[in-house]
Structures are given as C-alpha cells and as structure tokens.
Amino acid sequence: MRTLIVTLGILTSVSINAQKKNATSDSIKTNKIEEVKLNKKVFQRKSDRFIYDVASSPVAKGTNTYNLLQQTPMLSSTDGKTMKIMGKSGVVFYINGKKTNMDADALTDMLKNTPSEDIQKIEVITVPGSEFQVEANEGVVNIVMKKSKTNGYNGTLKMTDNQGYYNNPSSGISFNAKVDKWSFSTNFNTGTYRQRESYILSNGTSQLKNASQGFNDDPNNNYGGNVNIDYEINKKQSLGFTYNMRYNKSFNSILDITNWQNDVLTNRTVNHEDAQTRNHSFNLNYEVKTDSLGSKLISNVSYLWFNRDKESINQTYPFFEAPNNQYAAFRQSVPQIINNYAANIDYIKKMKNESVFSLGASYNHTNTDSDTRQDDFKQNNFIINTNLSNHFLYKENIIGAYATFEKKFSDKFSGKIGTRFEATISNGDIVGKENLGFERNFNNFLPYLNFSYNISPDHNLSYTFSSRVRRPAFWQLNPSRTYFTPSNYIQNNPFMKASKYYNQEINYMYKNAFYANLSFNYADDAAAQMPLQGTETKIQRDQNGNPILDANGQPVKVTTDFLRYIRTNYGNNKQIGLTLGMNKSWFGEIWSTNYSANFEYATYSGGVTEDPTSSQLPGDTETLSPYILDIKTLNMFFQANNNLRLSAKKDWFFTANYWLMPTRETEFGKLRTQQSLDLGIKKIMGNFTFLAEVYDVFNQNIDDIRNTQPNGNYNNLRSFQYRRQFNLNITYNFGNQKLKRTREMKSANDAIKSRT
C-alpha cells in the first residue's frame, strides 16, 4: 500500500509539473500570438469596385457618414451637399445594397445624421455593372453597415451646433436592436438650417447692359427618419421592411434683388416664398437562399410618394417712371406630386468553380402631377395668366431586364460581362393645351464589360466599359418658371430628350495604397442648363385678353430684353480624364493621408438656336441670340485629406483637409478658381466624442461663373453662400457597439431616386 501511495504521489507530482510546464509553454505561445498585428487592408480593389474598410480607419469615430464619405478615396464634395467620384461623376447611393429612395436634400440630411460608428465599409463603383439601375456616367457608392448575429441593442445620440451667417442647431438619435430572429433599427433627426446667399448677376449685349445684386434668405426646418425591420423566417428565408421619411418646411424665404440697366438704377424685385416638401418611401423585401454556395433569389416591391408645395409672390418696385418701368407683381403656385410604384426580382447563381450568374427584371411606373398657376397683377387685381399657367401630367413606365456572368479564371485573372435592356414608355400632357403634349417611347440595350488582372500581390490592373441613358428629372419636365426678376428666370423644358452615355475606364492599383484611373466618357444628345438671351415684343392686353390700342388705333407694344436659364439638349461632349491618388498611413498609423489629383480634357460641341419652350400669343414676336458651344478645356481638381493622431491613447485627433479647383470651363460658362481649407479637432472620452470643425477657413469657396459668346453677349453670375462655418458636434454611444443589421437588401425604386 505504501509503495502504491508513493508511486501515485510521484505520478501526481510529475503530472502537476508537466501541466505547469505546458501551461507556461502555452502562456508563452499565447503572448507571442497576442503580439502579432494583423494589418488589415484599409483600401483595396476587388473585382469591379474599390473597398474602403472604415472600421479599420482611424477617422471613423465621432463624426457622421457624410463627413466620412469626404474622407473616402475617390470621393469629394465642394458644396457640402453633393458628392462626386474623382471630381467629375455624380453619385448614386446604396445602403446595404439597397438604393436610397429620397430626394437629394433628404439624402444629404440622412447621411449627415447617420453616425459613422454604424459603418463597416464603403464600396466605390466608378463604372457600375448591368445589375445597377443608374443613369449617364453616375457611379455607385454602397454603404455597408456593421453586422452581427448576437442579441442586444445599441444606439447613438448626437447634438450639433453650426455657426455660419446664422446659427443652426440640430440633433439626432439612432437605435438598433436584435432579438432572436428579429432585427430592428431606427433613426430620427431634426434641425434648422437658415441659409444666406448673396448674388451678383450681369448680362447683356454690346449695346445693352443689365446688372442685379441682392440676397436670398432661406429658412429651413427639417424632420427625418427611417425604420428597418428584418425577420429571419428560417436559415434560408428572410423578410424585410424599410420606411424612410423627410419633411422640410421653408416659409418666408426672401429673394431681394436690385436692378440696373446701362448703369442706371431701375427697379427692385422682392420675392416671398413659402415651400414645404414631404417624402415617404416604403420597401418590402423577400430573400431566399437556394443552395449552400450562396445562391439566392431576391424580390422587392416599393412605393415612393413625393410632394412639394411652393407658393410665392413676386413684386417689382420702380425707382423712376417710364413706359417699361412700372410697378408689377405676380403670384405663383408650383406644386408637384410624384407617385412611383416599382417591383424587381433578382436571381444570383453561384457555382463551384467560383463563377456567378445573375439575372433580373424590374418595372417602374411613375405619375407626376404639377398644377402650376400664375396670376399677374393688372388694374389693381390679380388675374390668371393662362399662357404661363398649366396643369402638367406626366406618366412613365420603364421595363428593365439584365443578365451578367462573372468568372474567376485564375487567382490572377477575373472577368464580368453583362447587358441591360430598358424600354421606356412615357407621355406628357398639359391639360387644355394639346399642342404642348408629347409621347416618347424608346428602347436601349446597354452592354457592360469588366476585366481584372492581379499582376502580382502588389499590382492590380482592370478595364471597364459601360453604356447608360440619362432621362430628364421629373421636375425638369414641368414647364414652370422660377423668377429672379420679371425678365430673368429659370424655365423648365418638357421637350428634353434622353441622353446616351458611353463610359470606359482603366484602373491601376499598387500595394492597395496608390492608384491611377484613366477614363473616357462620351455623351450624345447631352443636356445642360443654358443661358438664353434675346428680346421679346408683346402686345399689351386688358384683363379680358383684348389688345390695348394707342391714339392711332394701333396695338400698344412693349419690347423687353430677357435672360432665361433653360435646361435643354445641345449636342455632345467628350471627356478624357486621369486621376492619380494615394490612401496611406504613416509612422504606425499616426498620420493618415488621402490625396488625389484629377485632370480632365473636355470638349463641348453644339448649341441652342431656339427656345423649345417659347409660346407666343398672336401678334407677339421673339428674337433669340444663338447660344454656341465650341469648348476645348483642361480642367483640374486637387484634394489632400490629413488625419493626425495626437496622443498614444488614441483619444486626440487633428484633421486638415484642403481642396483646390482651378478655373474650369463648363457648358454654362467659365467657373473661377475655388478652394477650401477645413480644420478639425476630435477628443474621445469613453462613450463620448467631441468634435470641433471649421470649414472654408479663408472664405474662398465661391461660385463665380463668367460666360461670353462670340457675338459679344455675356452672362455672369457670382453666388456667395457664406461657407465659412464653425461646427461643434457631441456624440454619445450606448449599448453593444458590435450589433448591427443582419443582411443586405436592395430596393425596387432604383431608377427613380436621382430624378425626383
């Protein structure tokens, strides 16, 4: 027995010592593993897109999604409202693969009120494939939210105070929760934004000079939010619902303009406007996985309701008495209602050889109703102007279908080919004015091709070709007017045609940090807003429409000069572009940089010789000076974003962002040099983040456009929007910050948002 006890004691001692040694060995191994740093690729090229891993970037805390997008490689914004890709192309936004169904202002508000902490990565697609419903040379930015399958909740509270010409406070809250098969997220924001803008306008000919100077004071109250509900029926099937809304109220907006003619003070125009906009969109999404490789069937039904009411009264006060210089006034009501019903179905088949086949179809039906009324002040009464009042009804059906095939031929070489077919059936009708109605039906086959070649782990080369169509926005088709002065106004055009675009790009990336992009874009039947100048002679009429006669029994005629800004087709444009960029961190991620330089050689050819919207009463005449485009220009854009970590604890950061856009030529005229320096400092204290920013430090972000035609006609516009502003932001994060939505959804309203 004693021998057994001793033996067991020896074995136990050996076992304990062995366990201690193993534990020590494992501990050493664990320590060694903990010391290994996984350098995640923050910016990289994959297939047809660039991916910016926000979660791995030091700039992604305590700010909002819009500011985060400004730090994203290839993206830029010069006005704080709109994004561009590589300084030129427009952007269509997707969130988790689903297109945002909002007007431009609502989208900007949503991005500025979505916390940056919610974002996992940002995908930049410079030339979208056939599966995307985009127009012209638009690129796609897909914002991917963080995802987790754990139960719990989290949220973010944010308060912002903006000081520009006026003080504008805003606040927002976002909340996310997951309980078993249910996922829920919501966001609500509210704020005021009173905008001040100063104008200097001048136009004329070699014989006549017109000049105007004044300001626009536009108060805005915004309320917006969204609700997303996702239910996992089983491991293969999911059901999702999304609702977005925005309400904007802008009452007592004032445009006050003083006018000169040939350097003589003539009159003052004051426009008072009340406007409100409502936007509601719904989306129901169903997804089913069809195999273990990830193949799936996705279907959507969507509804979009957009309503904008605008009423204004425009008054002109003369400074001296003259036949053409009398008190004048008119009232306008310009409502617009858009209803869109959409559905789409997509099937994505993944194969064992890593090939992917996609097939889809979509249908969009849109009704727009714009009942514009104008009343002119005559004989101390407001009397309806039947010539400028109209009830415009527009219906559009778009039937789309696409197919794409993507194959990985080897670890180095992959390709994607596809085509999209779109049939557009549309008609516009002005009630009671049959000669202004139109019907437009056309079909388009839109091919797509992409090849990507990994020369080595550090070098990637790709080529992309795409063809697209740009249809006019709905508001551009409504033949209503927005006045600066009685003879200076913006005129919409129901006769615009769709434009055809062809886009090509070659991309090169080195070490996931340096990139070069060479592009060629061609547009046929291109459209832009044109300044049209001329004279019109009108017979003066009484309230019954009868001509007013002079002492000799002849109709009294008045001749005036006009300047109309009309969006219309003019010809074609070609653009050859080169973008060089870098996104890289230095000194152990203490200094993060995002630099880019864009060079673009553009030609604009064509012109406008008649006003397609002009409608004269019997006896009235109009003479229009031709607007000729024969422009060859080199445009440039430079951007440098810097983020500096000031402390070892990673709780202090400093940002210095600068962009420069030298003088450039556009269809509208020559845009003078613009630049902006933005500075910011950020402090992180636990769940709180404090951010202070100054935009446009040197007050150099000014819109100044000069246009002189070969015949001597000129048109200049200078707009000063007080973009030097101070912004203070406080963010509080609560709950489990690793919790987010569980899957991605794509909406059926994909072809509509950018046109509302």
Side-chain angles (χ1 to χ4, degrees), residues 78-82 164-166 194-219 253-273 312 314-320 324-325 328 481-491 528-534 560-567 625 627 660-676 695-696 698-709 711-725:
T78 60
D79 59 4
K81 298 177 183 178
T82 55
Y165 191 91
Y166 295 105
R194 190 178 187 94
Q195 183 176 3
R196 179 81 168 194
E197 188 170 0
S198 298
Y199 294 99
I200 299 176
L201 304 97
S202 62
N203 64 84
T205 66
S206 56
Q207 290 80 33
L208 179 68
K209 295 191 297 183
N210 296 306
S212 301
Q213 184 172 349
F215 68 89
N216 177 224
D217 200 284
D218 186 17
S253 175
I254 298 173
L255 176 65
D256 193 325
I257 298 287
T258 301
N259 306 298
W260 289 261
Q261 190 172 92
N262 288 334
D263 300 323
V264 176
L265 192 63
T266 55
N267 54 46
R268 175 185 173 212
T269 299
V270 181
N271 189 83
H272 291 266
E273 178 184 287
S312 63
N314 186 291
Q315 301 176 84
T316 299
Y317 305 92
F319 288 113
F320 62 90
N324 295 344
N325 194 38
R481 294 179 177 179
T482 301
Y483 283 86
F484 289 101
T485 70
S487 60
N488 187 341
Y489 53 85
I490 298 172
Q491 169 78 61
Q529 186 167 275
M530 301 295 183
L532 302 183
Q533 295 171 255
T560 57
D561 297 276
F562 64 78
L563 171 61
R564 304 167 184 164
Y565 299 95
I566 298 181
R567 191 168 187 87
S625 298
Y627 186 83
L660 169 66
M661 187 164 64
T663 298
R664 60 172 50 202
E665 290 267 11
T666 68
E667 300 102 321
F668 188 78
K670 182 177 291 186
L671 179 61
R672 295 296 186 93
T673 297
Q674 292 176 283
Q675 58 184 320
S676 180
Y695 303 119
D696 195 13
F698 298 113
N699 231 4
Q700 295 296 307
N701 189 3
I702 303 169
D703 297 325
D704 191 346
I705 301 174
R706 309 293 175 91
N707 187 326
T708 302
Q709 287 286 291
N711 59 7
N713 289 6
Y714 66 93
N715 171 47
N716 304 323
L717 168 63
R718 188 179 190 273
S719 170
F720 183 70
Q721 299 185 31
Y722 301 92
R723 288 171 173 150
R724 181 165 60 189
Q725 300 176 358

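We use all heavy atoms of the structure for the numbers below, so side chains are in, but hydrogens, waters and symmetry mates are not. Residue numbers run from 1 in the order of the sequence given.
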Residues Gln315, Tyr317; criterion side-chain hydrogen bond (donor to acceptor under 3.5 Å, both in side chains); working and verdict: CA-CA 7 Å; Gln315 301 176 84; Tyr317 305 92; 3.2 Å; yes
Go through Gln721 and Tyr165 one step at a time and tell me if the side chain to side chain contact (heavy atoms under 4.5 Å, CB included) criterion holds. CA-CA 9 Å; Gln721 299 185 31; Tyr165 191 91; over 6 Å; no
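- The NZ atom of Lys670 sits 11.5 Å away from atom CG of Asn716, with the distance rounded to the nearest 0.5 Å.
- For the pair Val270 and His272, the tightest heavy-atom approach, listed with the atom from each and the gap, is CG1-NE2, 3.5 Å.
- By the 6.0 Å and 45° rule, Arg196 stacks over the aromatic ring of Phe215.
- Nearest heavy atom pair, residue Leu563 against residue Pro531, reads CD1-CB, 4.0 Å.
- Nearest approach of Leu265 to Asn259, heavy atoms of both residues: CD1-O, 3.7 Å.
- Pro219 approaches Ser253 most closely through the heavy-atom pair CD-CA, 3.9 Å.
- When all heavy atoms of Glu667 and Tyr627 are compared, the closest pair comes out as O-OH, 2.7 Å.
- Contact between Pro318 and Asn267 at its shortest, heavy atoms only, is CA-CB, 3.9 Å.
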Before you tell me yes or no, could you show the steps for Leu717 and Asn707 under side chain to side chain contact (heavy atoms under 4.5 Å, CB included), namely the whole-Å CA-CA distance, both residues' side-chain angles and the distance that decides it to 0.1 Å? CA-CA 9 Å; Leu717 168 63; Asn707 187 326; over 6 Å; no
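- Atoms CG and CG, on Asn203 and Asp561 in that order, are 8.5 Å from each other to the nearest 0.5 Å.
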Derivation and outcome, side-chain hydrogen bond (donor to acceptor under 3.5 Å, both in side chains), residues Tyr565 and Asn715: CA-CA 11 Å; Tyr565 299 95; Asn715 171 47; 3.3 Å; yes
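- Judged purely by atom type and a 3.5 angstrom limit, Asp79 uses its side chain to pair as donor or acceptor with the backbone of Lys81.
- Residue Glu273 holds its CD atom at 7.5 Å from OG1 of Thr482, rounded to the nearest 0.5 Å.
- Between Tyr722 and Tyr166, the distance from one ring center to the other does not fall under 6.0 angstrom.
- One finds the CG atom of Asn713 at 11.0 Å from the CG atom of Leu532 (value rounded to the nearest 0.5 Å).
- Here the straight-line distance linking atom CG of Leu255 with atom CG of Asp217 works out to 10.5 Å at 0.5 Å rounding.
- Between the side chain of Asp696 and the main chain of Asn701, a donor-acceptor pair closer than 3.5 Å is present.
- With 3.5 Å as the limit, one finds no donor-acceptor pair spanning the side chains of Arg567 and Gln529.
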Go through it in stages, so that I can follow the logic: the residues are Tyr714 and Ser202, the test is side chain to side chain contact (heavy atoms under 4.5 Å, CB included), and I'd like the CA-CA distance, side-chain angles, deciding distance and then a yes or no. CA-CA 8 Å; Tyr714 66 93; Ser202 62; 4.1 Å; yes
Start with the C-alpha distance between Glu197 and Ser719, add both sets of side-chain angles, then the distance that settles side-chain hydrogen bond (donor to acceptor under 3.5 Å, both in side chains), and finish with yes or no. CA-CA 7 Å; Glu197 188 170 0; Ser719 170; 2.3 Å; yes
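- Side chains of Arg564 and Tyr489: a donor-acceptor N/O pair is present below 3.5 angstrom, by distance only.
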Take Asp703 and Gln674 through the test side-chain hydrogen bond (donor to acceptor under 3.5 Å, both in side chains) and record every step on the way to the result. CA-CA 7 Å; Asp703 297 325; Gln674 292 176 283; 2.8 Å; yes
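- Within the model, atoms CG of Asn699 and CD of Gln675 stand 11.0 Å from one another, a figure rounded to the nearest 0.5 Å.
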Might you work through the side chain to side chain contact (heavy atoms under 4.5 Å, CB included) test for Ile566 and Met530, ending with a clear yes or no? CA-CA 5 Å; Ile566 298 181; Met530 301 295 183; 5.6 Å; no
